[in-house]
Amino acid sequence: MTKLNKKDIINALESIAVYLEIKGENSFKVSAYRKAANALERDERPLDKIDDPAKLPGIGKGTATVIQELTTTGESSLLNELRKELPPGLLPLLKLPGLGGKKIGKLYNELDVVDAESLRKACEEKRVQVLPGFGEKTEEKILAALNASGKRPERLPLAVVIPVAEVIIDRLKEMNGIEQFDIAGSFRRTMETVKDLDFIIATDDPTGVGEQLVSMANIAAVSGHGETKISMELQFDDLVVPVDFRLVKKHEFVTTLHHFTGSKEHNVAMRQRAKEKGEKISEYGVEIEETGKIATFDSEKSFFHHFGLHEIPPQVREGKDEITLFEQQDYPFIDVQDIRADLHMHTTWSDGADSIEDMVEACRRLGYEYMAITDHSRYLRVANGLSPDRLKRQHDHIRTLNEQLPDFTIFTGVEMDILPDGTLDYEDDLLKEIDFVIASIHSAFQQNKETIMKRLQTAMENPYVAMVAHPTGRVIGRRDGYPVDMEKLIKMAAETDTILELNANPNRLDLSAEWVKAAQAAGAAIAINTDAHRLDWLRHMSVGVKTGIRGWLKKQTVVNTWSAEKLRKFLQQKR
DNA sequence: GCCGTTTTCGGCCCGACTGTTTTCAGTCG
């Protein structure tokens, strides 16, 4: 028997839900299995620490029995039964847009469709359009979806859609008849990847605004155009981004924004809370059932207040325990206003695009009190890494600049490579002269976990290394990074007083939110830095801060919210 | 299938849009 882990069991429950859906089972029964899978996923304990799954909300007798069976035998008789009954090739069909359980069930029962290939054949032979509930258009759409499937990634990295969102925002600002707009969805929650972009627009003239929207540039297709909702695909070179617009009245804006910000689970939890006090939440407001009156709000803050809650930031609206937590107290989240420095950036001295002077000027304009210039060390030749001599010259230059700025501090710094053999790129004699030494891995990603951990350990134990940058080396949607034992790394960071970076570049977001949470809990210090290689990347700070909020990051944990003096003292105690 | 000091039965979050219909089912978020 193969031992199943928690993820396997969650997947099994989800498969059962999909099979039942195709079978045409009661939709509430179907969602009961999905809910059970969710409940298991949301609980942070490992499987063997959950002695009675039926105690979790959403898991009852039936699903608990299935979980029990999966844990003890590695199989589920229900799932086995369903697999015998229905061809597994039907499951992926649910991903095709426009096809749900009911339609797939019909296709299977009436046309013997068993997988994508037989579905394609049925469409090509025009057997689908004659089924009741189907038609010519449905058949065309299915065929188009089959041809498109697999060609496009299901979710797009945040970094890829940020520029698209910015273009749309600029266009909305130019349009007539828009009173207010904001972006919602997983983009607003600062998820690492998003499926589409959702914009909420307040207007008295939905028809006029709708016409302007569908005549925008870069539209590849308009897939839906109704009174209050317009769906389209925008195309920029090879990149296709699905975008939804919701058009509502000004007084409905806040509840619509909240609704489409989600998450779905958060909304469900909020609605349950509303129901308990005899109210009903929809995107158009809160209906007081007794009087039939609809309450609307002028801010999300007052919306949450209405339910006896402090304002919950979008980034933690996950439907976990945030709602009960915000009943009692506010939470001291980090805020972008708290940031007083950026401690990781590059200039023309290595692979940056802009001069030291320009970076300094930009940081001053951002309202920072101090900063660190951290170009690459000599090992990174492709990035024009600095020899000890060039580094010393650069630091002399920085000190001169610093003297001219009475109200601002530039830390000398470097992003020093941790070499493949585990040694550091510079000697201690040189390092001890530098204010802020970052250690990073940029090479030999394929080494095993033990070797990588040895390298990181050497860096962290060095008294002059202030911080480890982008701790896992991942690039979202492109590469996983090198193998790191994160729990051990976090423990070492706390023990050696080495700062861990939350790299704010939206391609990296490294540490990820979940590890931010773990690092803070373990007492490690965190810095949020942009790693800017050009002036306009300095603006990524807010993405980093929002990712921190997703990890429940508090202001006090973040070293670049401290004063320059406090940070210097912290660095000194390690030396 | 899950849930419950108003309920152990009868609800389950709610609404928009499309393509099929000829008043609505299915899908989606």
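Here is how names work: the chains are called A, B, and so on, in the same order as the sequence lines, proteins then strands, and each is numbered from 1.
- A close approach under 4.0 Å does not occur between any side-chain nitrogen or oxygen of A/Lys103 and OP1 or OP2 of B/dG26.
- Within the 4.0 angstrom heavy-atom criterion, only backbone atoms of the sugar-phosphate kind lie near A/Glu136; the bases stay farther away.
- Regarding A/Ile59, its CD1 atom lies at a distance of 9 Å from the P atom of B/dC3, rounded to whole Å.
- In the set B/dC17, B/dC14, B/dT20, the nucleotide with an atom closest to the side chain of A/Lys280 is B/dC14.
- Aromatic ring pairs are classed by plane angle as parallel below 30°, tilted from 30° to 60° and perpendicular above 60°; the pair A/Phe304 and A/His266 is perpendicular.
- What separates CG of A/Leu94 from C1' of B/dG26 is a distance of 12 Å, to the nearest Å.
- Closest to the side chain of A/Ser282, from the set B/dC28, B/dG15, B/dG26, is B/dG15.
- Rounded to the nearest Å, the gap between the P atom of B/dG26 and that of B/dT20 is 14 Å.
- Taking atom P in both B/dT22 and B/dA16, the straight-line distance is 24 Å, to the nearest Å.
- The residue among A/Gly226 and A/Gly101 whose nearest nucleotide of DNA chain B lies closer to the 5′ end is A/Gly226.
- Side-chain proximity of A/His259 to B/dG29, B/dC28, B/dG19: nearest is B/dG29.
- Shown here, B/dT8 forms no base pair; nothing in the strands shown gives a Watson-Crick or G-U wobble contact with both key distances under 3.5 Å.
- The CD-P distance, from A/Glu227 to B/dG15, rounds to 16 Å in whole Å.
- Relative orientation of the A/Phe333 and A/Trp552 rings is tilted, given thresholds of 30° and 60° on the angle between their planes.
- For B/dG29, the OP1/OP2 oxygens have a side-chain nitrogen or oxygen of A/Lys195 closer than 4.0 Å.
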**Item:** Full working for salt bridge (Lys or Arg N to Asp or Glu O under 4.0 Å) between A/Lys121 and A/Glu124
**Value:** CA-CA 5 Å; A/Lys121 209 162 156 239; A/Glu124 283 167 353; over 6 Å; no

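- For B/dT18 and B/dC12, the C1' atoms lie 26 Å apart once the distance is rounded to whole Å.
- Between the C1' atoms of B/dT7 and B/dG11, the separation comes to 10 Å (whole Å).
- Side-chain atoms of A/Lys61 lie closest to B/dC2 of the nucleotides B/dC12, B/dC2, B/dG19.
- For the pair A/Ile230 and A/Tyr33, nearest-nucleotide mapping onto DNA chain B gives the more 5' position to A/Tyr33.
- Atom OH of A/Tyr284 and atom C1' of B/dA16 are 7 Å apart (whole Å).
- If you run salt bridge (charged side-chain N to carboxylate O under 4.0 Å, His left out) between A/Glu166 and each of A/Arg171, A/Arg539, A/Lys173, only A/Arg539 comes through.
- Checking the phosphate oxygens (OP1, OP2) of B/dG19, a side-chain nitrogen or oxygen of A/Lys141 falls inside 4.0 Å.
- Checking A/Lys546, A/Arg474, A/Arg155 one by one against A/Glu192, the salt bridge (charged side-chain N to carboxylate O under 4.0 Å, His left out) holds for a single residue, A/Arg474.
- The distance from atom NZ of A/Lys102 to atom P of B/dT18 is 20 Å, rounded to the nearest whole Å.
- One P atom belongs to B/dG29, the other to B/dT23, and the distance between them is 29 Å to the nearest Å.
- Taking the O4'-C1'-N9-C4 or O4'-C1'-N1-C2 dihedral as appropriate, B/dT21 has a value more than 90° from 0 and is therefore anti.
- One finds no side-chain N or O of A/Ser231 lying less than 4.0 angstrom from the OP1 or OP2 phosphate oxygen of B/dC17.
- Taking atom CG of residue A/Asp196 and atom P of nucleotide B/dT27, one finds them 19 Å apart after rounding to whole Å.
- With both ends at atom P, the span from B/dC9 to B/dG15 equals 29 Å, rounded to whole Å.
- Between A/Phe28 atom CZ and B/dC12 atom P there is a gap of 6 Å when expressed in whole angstrom units.
- Between A/Ser31 and B/dC12 there is no side-chain polar atom (N or O) within less than 4.0 angstrom of OP1 or OP2.
- Under the 30°/60° scheme for interplanar angles, the aromatic rings of A/Phe297 and A/His306 are found to stand perpendicular.
- Atom NZ in A/Lys35 sits roughly 8 Å away from atom P in B/dC3 (whole-Å rounding).
- Between A/Thr228 and B/dC17 there is a side-chain polar atom (N or O) within less than 4.0 angstrom of OP1 or OP2.
- Using a 4.0 Å heavy-atom distance criterion, A/Gly58 is classed as a sugar-phosphate-only contact.
- The closest side-chain donor-acceptor pair between A/Ser77 and A/Asn80, if any, does not fall under 3.5 angstrom.
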